[in-house]
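Take a look at the structure below.
Small disclaimer: the values here were computed from a predicted structure and weren't measured. Lettering follows sequence order; numbering is per chain, from 1.
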Amino acid sequence: MPARHRIRTLFALSAATILLLAACKGAEPQNLLVLEWSGYEAEDFWTDFKSDNADAPVTFEFGISDADILAKMEAGSQADLFHFYSGWQQFYVDGGLVQEIDTSKLTNWDKVPDSFKEQGQVNGKQYFLPWDWGFTSILYNTDEVAEVTSWDALFNVDYAGHVSMWNDGPAAVTVSAYVNGWDETGITADQLAQIEQAWIAQKPLNAFYWSGEYEDLCPAVEDGTVWVAYAWQGCYAQALYDGIPVAYATPSEGRNSWIGFYGISSKTDSYELALKFLDAKLADLTMNNVVTQFYYGAANQDVMNAIEDEVLIEAFGINDPTILEHTNFTPPVTAEQRSAWTEMWARVQAE
Amino acid sequence: MLGRRGTLPVLVGPPLVWLALLFVAPLILIVAFSLRPEAGVVSAGEPWNPSLVQYGKVVGTPAFLRLLGVSALMALGVAVVATMLAYPVAYFLAFRARARATLFLALLLVPFAASYLLRIMAWKLLLGPAGAVNSLLSAAGLIGEPLDLLLYSRGAVVITLIYVWIPFASLPILASLQRIERSQLEAAADLGAGPWTRFLRVTLPLSLPGALAAFFMVFIPTVGEYVTPTLIGGTGGIMYGNLIQDFFGRAGNWPLGAALAMVMLILTVIGVLVALRAVDLRRVAP
């Protein structure tokens with residue numbers, strides 16, 4: 001090859017390398033880190049993404065509570081996406097931790113009911129993608145307990161030693177607010193002191209405070225240790241499947257309802273891939289797995305409409321057209337309130 | 001070859017670096033967290049205005065201090081009983097097992113091959129309403145209904161922790177018993193001392209440093225224990241460590257969690273120093 005040609009070839013190769021490097025620098029990383037709850041890392045819960053993006057590795061880090069997940073995001077987590085539950089939306093927006101979701105790029109977005117979409121909006125912007133949902137109410141053993149019509153069943157001394165409350169301060173305040181007819185977003189210091197005394201008095205009634213629904217609570221309901229529990233409907237469905245005589249109350253004060261959301265971190269370099277992940281999370285197979293394996297509701301209404309299993313129909317109250325009239329949605333509260341409520345709960349535990 | 005001057009940094013350097021990175025630095029961070037006035041999490045780059053607000057909350061909440069006292073008493077009970085039960089095990093290994101000592105020692109350590117969590121869950125099954133203990137008592141006609149107090153109680157936590165610590169506690173006692181010169185026991189026998197006298201006047205005093213090491217090895221981590229109470233303690237078996245874990249985890253309030261941890265650390269160190277001063281090893285173990 002003449003020297004002139006060799007120089008030309010060398011120039012061409014150099015230019016191609018520079019262009020390739022520039023292209024690589026501008027391209028998004030093709031991997032995702034998700035800040036999740038333990039259990040949701042199972043491939044069944046992101047199976048559609050896995051099938052469509054086999055070359056995009058997804059890794060997970062875990063939080064053990066909404067406070068913990070917010071803490072990790074505030075402390076500078078590198079997660080591209082995070083999963084949390086109702087009542088915490090505003091903190092992520094105020095802290096600049098989340099960015100708006102471009103829903104025009106989500107092919108499954110139309111399957112989400114408007115009422116769920118609205119729950120994921122803050123200041124008129126769609127910051128969060130609703131994904132799973134459920135109820136909180138009283139789960140009780142019908143062989144041991146008469147029909148439960150109020151949240152005050154958790155305070156009934158007849159069930160001493162067989163009650164189980166969730167180990168969570170804000171949840172305790174919510175229950176007390178229901179029982180006393182108070183607005184939980186406006187709990188005063190005096191009311192909080194009353195709530196603390198009520199839960200201290202209630203403490204000996206518990207076998208234990210549960211932390212994990214399927215790890216702690218369900219086995220204890222099934223082996224007869226727990227008769228009355230603050231519970232999500234997942235444990236109710238599990239007990240029904242296992243033939244345990246249980247019922248899930250519709251208290252006169254109303255059930256509580258919660259929604260799980262995904263947000264895209266404001267610091268992510270993988271925004272487009274994160275959108276693909278969220279879209280796939282709403283896809284039918286993935287959402288159906290949430291319904292049939294965790295017994296949690298799906299934000300994909302097509303999946304909910306297709307439910308035929310009697311246990312799931314009962315657990316989600318699908319045949320009860322008035323169910324939402326008896327349901328209180330978890331309201332947002334301030335950081336100061338949450339802090340005061342968790343400190344109150346620590347004092348209850350310490351007594 | 002390294003000279004004497006060169007040997008010391010080589011031997012001491014790596015563990016010192018390890019300690020500085022993984023013990024001292026985190027401890028300094030905990031101290032720094034505990035001095036933050038705000039609740040919530042601690043983010044990098046936030047301004048730091050030292051304050052004793054969190055310590056005020058800990059000291060000003062009698063329930064927290066009471067629970068620390070209860071946890072210290074539980075740890076004391078666990079440490080005393082575990083050490084007492086570990087002593088005969090170590091004695092057997094040191095003086096009676098002879099050629100099979102290694103085999104028995106390996107058997108003693110077998111439980112460590114299973115995860116701590118699994119062993120605790122096994123206890124949960126044993127002590128539960130349909131567990132082995134209740135079934136046995138029921139089959140023997142001693143109880144009509146399952147005993148609830150076996151599980152989800154302070155007693156369940158103490159029993160389980162004693163079980164967990166016995167193999168650990170026997171190791172320092174075994175080491176101290178193995179160091180005893182047999183000639184000292186032979187001299188005592190020659191002077192007319194019977195087996196009990198030899199044990200009480202020679203073996204026990206000489207092995208006390210090991211027994212004390214075992215005691216503190218159990219006591220110190222047990223004060224801050226939180227896994228066992230979480231799994232089998234129920235609401236009555238909650239320990240001080242559970243509060244710390246809650247504030248660092250579920251509640252996301254690191255400054256208050258750090259202050260609780262520091263108060264426990266300071267009081268435990270003071271307690272250990274006082275105990276060491278009260279029990280003068282040079283006097284009891286000549």
Side-chain angles (χ1 to χ4, degrees), chain A residues 62-77 88 91 95 97 160-170 196 199-200 202-212 215-216 219-220 222-226 335-336 338-351, chain B residues 38-46 54 57-58 60-71 117 121 124-125 128-131 145-149 151-153 156 229-240 242-257 260:
Chain A
F62 300 102
I64 58 169
S65 67
D66 280 310
D68 187 38
I69 286 170
L70 177 63
K72 287 187 162 81
M73 289 304 293
E74 287 181 332
S77 165
W88 295 76
F91 299 133
L97 302 169
H162 297 284
V163 178
S164 190
M165 174 61 191
W166 187 29
N167 189 7
D168 188 78
E196 183 174 336
W199 284 104
I200 288 171
Q202 189 268 358
K203 191 178 169 189
L205 306 186
N206 293 274
F208 58 91
Y209 295 134
W210 63 268
S211 295
E215 299 86 350
D216 309 336
E222 300 207 0
D223 73 14
T225 303
V226 170
E336 289 71 27
R338 286 203 182 278
S339 177
W341 298 357
T342 50
E343 285 180 26
M344 177 278 294
W345 189 245
R347 291 192 295 273
V348 170
Q349 289 186 81
E351 281 292 349
Chain B
E38 312 89 3
V41 299
V42 181
S43 309
E46 273 185 29
Q54 307 300 341
K57 283 184 185 174
V58 177
T61 308
F64 289 168
L65 298 179
R66 265 199 306 275
L67 188 62
L68 178 56
V70 167
S71 301
L117 211 56
M121 294 306 279
K124 199 170 174 176
L125 292 176
E145 291 285 314
L147 291 176
D148 290 332
L149 55 89
L151 192 58
Y152 304 127
S153 66
T230 300
L231 292 173
I232 59 170
T235 47
I238 288 170
M239 293 181 73
Y240 190 79
N242 293 100
L243 295 185
I244 298 172
Q245 189 235 359
D246 258 15
F247 278 114
F248 272 100
R250 301 178 61 79
N253 188 345
W254 297 359
L256 187 50
L260 283 161

>> I'd like to check the side chain to side chain donor-acceptor pair (under 3.5 Å) partners of Glu222(A); sequence neighbours left out, ordered by chain and number.
In response: none
> What is the distance from atom CD1 of Ile64(A) to atom CD of Gln245(B), rounded to the nearest 0.5 Å?
Replying inline: 5.5 Å
> Any side-chain donor-acceptor pair under 3.5 Å between Asn242(B) and Gln349(A)?
Replying inline: no
Measure [X] against the heavy atoms of chain A and call it side chain, backbone, both or neither at under 4.5 Å.
| X | answer |
| --- | --- |
| Leu65(B) | neither |
| Phe247(B) | side chain |
| Arg250(B) | both |

>> Name the residue from Thr342(A), Asn167(A), Asp168(A) that meets the side chain to side chain contact (heavy atoms under 4.5 Å, CB included) definition with Asp246(B).
In response: Asn167(A)
Would you name the heavy atoms of [X] and [Y] that are closest together and state the gap between them?
| X | Y | result |
| --- | --- | --- |
| Ala346(A) | Leu243(B) | O-CD2, 3.6 Å |
| Ala63(B) | Arg347(A) | CB-O, 4.1 Å |
| Ala251(B) | Ser65(A) | N-OG, 4.5 Å |
| Ala350(A) | Phe64(B) | CB-CD2, 3.9 Å |

>> Less than 4.5 Å to any heavy atom of chain B: does that hold for the side chain of Glu343(A), its backbone, both, or neither?
In response: both
>> Let's test your reading of the structure: which of Glu215(A), Glu336(A), Lys203(A) forms the most heavy-atom pairs below 4.5 Å with chain B?
In response: Lys203(A)
>> Does anything in residues 230-237 of chain B reach chain A? List residues with heavy atoms under 4.5 Å apart, or say none.
In response: Gly234(B), Thr235(B)
